[in-house]
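Counting starts at 1 for both ligands and their atoms, following the listed order. For clarity, every value in this text was computed on a predicted model and none was experimentally measured.
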Amino acid sequence: MRIVMKFGGTSVADLRRIRNVASRVRREVAAGNEVAVVVSAMAGVTNQLVAWCQELSPLHDAREYDTVVATGEQVSTGLLAIALQEIGVDARSWAGWQVPVATDGAHGKARIQAIEGAELIRRMARGEVPVVAGFQGIGPDRRITTLGRGGSDTSAVALAAALKADRCDIYTDVDGVYTTDPRIVPRARKLERIAYEEMLELASVGAKVLQTRSVELAMKEHVRVQVLSSFEDVPGTLVVDEDEIVEKELLAGIAFSRDEAKITIRRVPDRPGIAAAVFGAMAAENVNVDMIVQNISAEGTTDMTFTVGKADLPRAKAALAAARERIGYAEIAADGDVAKISVVGVGMRSHAGVASTMFRTLAEKGINIQAITTSEIKVSVLIGAEYAELAVRALHTAYGLDAG
Ligand code: ADP
Ligand code: ASP
Ligand code: MG
């Protein structure tokens with residue numbers, strides 16, 4: 001079999017763990033598999049690199065940001081290659097540009113366009129293990145690019161597709177995908193299987209166990225993804241097609257995110273074209289808008305509330321200020337102290353009452369809902385950040401997800 005093994009930051013956090021990773025890789029090689037490895041930067045390194053860029057200049061050049069933050073992965077590839085060689089495994093490190101992993105030019109959040117797999121396949125066939133830097137690639141300007149935080153998952157899935165691997169194993173610091181973050185809810189339950197669509201939705205609303213783009217790619221390229229522990233030998237979670245799940249549950253899980261901020265525009269004229277003006281201003285600045293609430297009031301004006309990514313808040317506010325005359329609002333209020341809680345499951349397609357259970361449970365805990373959005377398999381609510389953990393725990397119990 002041909003396998004891509006991906007190890008995240010905590011799995012390569014120090015030399016002892018890198019040796020542990022090396023011995024896991026050796027085990028797969030010894031079992032007769034062709035193996036390629038993708039690694040992240042050692043835990044904490046990327047955060048430090050990002051912080052340095054921000055400290056020097058809050059609005060730094062994205063190309064130089066990529067030059068800096070891509071270095072963490074390069075260290076890991078070299079160290080793991082040495083550790084593998086040390087235990088008798090033929091290994092070679094590969095930076096993104098060497099493979100090459102070709103991306104578009106969106107520095108800081110680039111998308112992979114193509115991976116040249118032939119040379120790696122040749123080397124794997126003769127028993128060499130390529131150790132490839134996750135998170136990075138090379139753009140059309142021939143400069144280093146990075147894929148956005150958590151991007152090594154996407155590197156691994158893309159590599160698995162390019163190498164036509166039979167499996168993509170994502171090794172991390174939890175032993176699978178749970179009904180919610182097991183660090184927040186100890187009673188969370190490990191899922192044996194989860195549908196691509198559910199995993200995609202959970203990732204996109206905050207479950208950072210897999211980067212959203214990696215799930216999208218796995219679904220499109222039919223890559224078999226497994227999430228499992230670097231530290232324990234226990235079965236992980238398989239991400240599969242919906243029809244491969246025999247016992248369908250109503251919900252797959254609950255996710256939360258503190259990465260959004262709420263903007264309220266007070267007393268906007270209630271006439272055609274206003275929403276176009278407000279959200280046109282956001283789009284022009286490349287600011288993604290998520291939840292939207294609009295109220296009708298009696299005096300011909302209305303309040304409009306919506307959420308944007310916290311990182312985009314300064315740009316969103318500046319764009320609204322610049323468009324003030326065109327929109328004609330009285331004032332703007334921004335609130336970063338919010339959390340979005342989402343319940344996700346394909347069972348929602350055929351079962352009513354998921355949203356009402358959510359609203360009732362939050363009401364019983366005295367938690368006020370500030371905004372709501374839904375999709376076919378998801379309901380999200382915006383609440384005060386201080387209630388996030390209470391809400392997730394209460395909902396987990398209310399939907400019968402607690403481990404028995
Ligand atoms: P890595 O460095 O290996 O990529 P991440 O920190 O990116 O690891 O992702 C693993 C983390 O995802 C876990 O430590 C856990 O706290 C978090 N997480 C969030 N939601 C879930 C979930 N539903 N199931 C499992 N882990 C989750
Ligand atoms: N090191 C990068 C990050 O911390 C990529 C990854 O870990 O997936 O975001
Ligand atoms: Mg990750």
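- Where the criterion is an N or O separation shorter than 3.5 Å, residue side chain and backbone included, Lys6 fails it with respect to ligand 2.
- At least one N/O-N/O distance between Gly150 and ligand 2 falls below 3.5 Å.
- In this structure, the side-chain hydrogen bond (donor to acceptor under 3.5 Å, both in side chains) partners of Lys6, at least two apart in sequence or on a different chain, are Asp153.
- Residue Lys6 touches ligand 1 through its side chain alone, judged by heavy-atom distances below 4.0 Å.
- Of all atoms in ligand 1, listed by their number and element, those nearer than 4.0 Å to a heavy atom of Val174 are 13 (C), 14 (O), 25 (C), 26 (N).
- For residues 74-97, no residue pair satisfies the side chain to side chain donor-acceptor pair (under 3.5 Å) rule, not counting sequence neighbours.
- Under 4.0 Å is where a charged nitrogen must lie from a carboxylate oxygen, and between Asp312 and Arg315 at least one such pair does.
- Given atom 4 (O) of ligand 2, the protein heavy atom at minimum distance is Arg149 NH2, 2.9 Å.
- Inclusion of Thr179 in the set of residues having an N or O under 3.5 Å from an N or O of ligand 1 is not warranted.
- Closest to atom 1 (P) of ligand 1, if we only count protein heavy atoms, is Thr172 OG1, 3.5 Å.
- Closest to atom 27 (C) of ligand 1 among all protein heavy atoms lies Val209 CB, 3.7 Å.
- Side-chain atoms of Thr361 never come within 3.5 Å of backbone atoms of Ala394 as a donor-acceptor pair (strictly under, hydrogens ignored).
- Considering backbone and side-chain N/O atoms, Ser11 never comes within less than 3.5 Å of an N/O atom of ligand 1.
- Applying the 4.0 Å criterion to heavy atoms of Ala207 picks out, from ligand 1, the atoms 20 (N).
- At the shortest separation from atom 23 (N) of ligand 1 among protein heavy atoms lies Tyr178 O, 2.9 Å.
- For atom 21 (C) of ligand 1, the candidate residues are Ile254, Val12, Asp181; the nearest heavy-atom contact is made by Asp181.
- Within the structure, ligand 2 lacks Gln211 among the residues with a heavy atom less than 4.0 angstrom away.
- At a 4.0 Å cut-off, at least one heavy atom of Gly176 sits close enough to ligand 1 to count as contact.
- Atom 7 (O) of ligand 2 has Ser40 OG, 3.2 Å as its closest protein atom, hydrogens excluded (heavy atom only).
- Of all protein heavy atoms, the one closest to atom 2 (O) of ligand 1 is Gly9 N, 3.1 Å.
- Taking every non-hydrogen atom of Val177 and a distance limit under 4.0 Å, the qualifying atoms of ligand 1 come out as 24 (N).
- Scanning the protein for heavy atoms near atom 7 (O) of ligand 1, the closest one is Lys208 O, 3.6 Å.
- Every heavy atom of Ser40 sits 4.0 Å or more from the atoms of ligand 1.
- With values rounded to the nearest 0.5 angstrom, Ile245 atom CD1 is found 7.5 Å from Ile194 atom CD1.
- In this structure, Ile372 CD1 and Met358 CE are separated by 9.0 Å, a value rounded to the nearest 0.5 Å.
- At a threshold of 4.0 Å, the pair Lys109-Asp66 does not count as salt-bridged, since none of the basic side-chain nitrogens sits closer than that to a carboxylate oxygen.
- Under 4.0 Å from ligand 1, the heavy atoms of Thr180 that appear belong solely to its backbone.
- The residues Asp259 and Arg149 are annotated as not salt-bridged, no charged nitrogen and carboxylate oxygen being separated by less than 4.0 angstrom.
- Under 4.0 Å from ligand 1, the heavy atoms of Pro182 that appear belong solely to its side chain.
- For atom 2 (C) of ligand 2, the closest non-hydrogen atom on the protein side is Glu73 OE2, 3.5 Å.
- Not a single heavy atom of Gly72 sits closer than 4.0 Å to an atom of ligand 2.
- Scanning all protein heavy atoms for the shortest distance to atom 11 (C) of ligand 1 gives Asp173 OD1, 3.9 Å.
- For Arg189 (side chain) and Leu401 (main-chain N/O), a donor-acceptor pair under 3.5 Å exists by modelled atom type.
- We find the CG-OG1 distance between Asp175 and Thr237 to be 7.5 Å, quoted to the nearest 0.5 Å.
- Using cut-offs of 30° and 60° for the angle between ring planes, the Phe306 and Phe279 rings count as perpendicular.
- Between Arg167 and Glu28, at least one side-chain nitrogen of the basic residue sits less than 4.0 Å from a carboxylate oxygen of the acidic one, meeting the salt-bridge criterion.
- Put simply, the side chain of Arg111 never gets that close to the backbone of Leu147: no donor and acceptor are under 3.5 Å apart.
- Asp141 and His107 share a donor-acceptor pair across their side chains, judged by distance under 3.5 Å alone.
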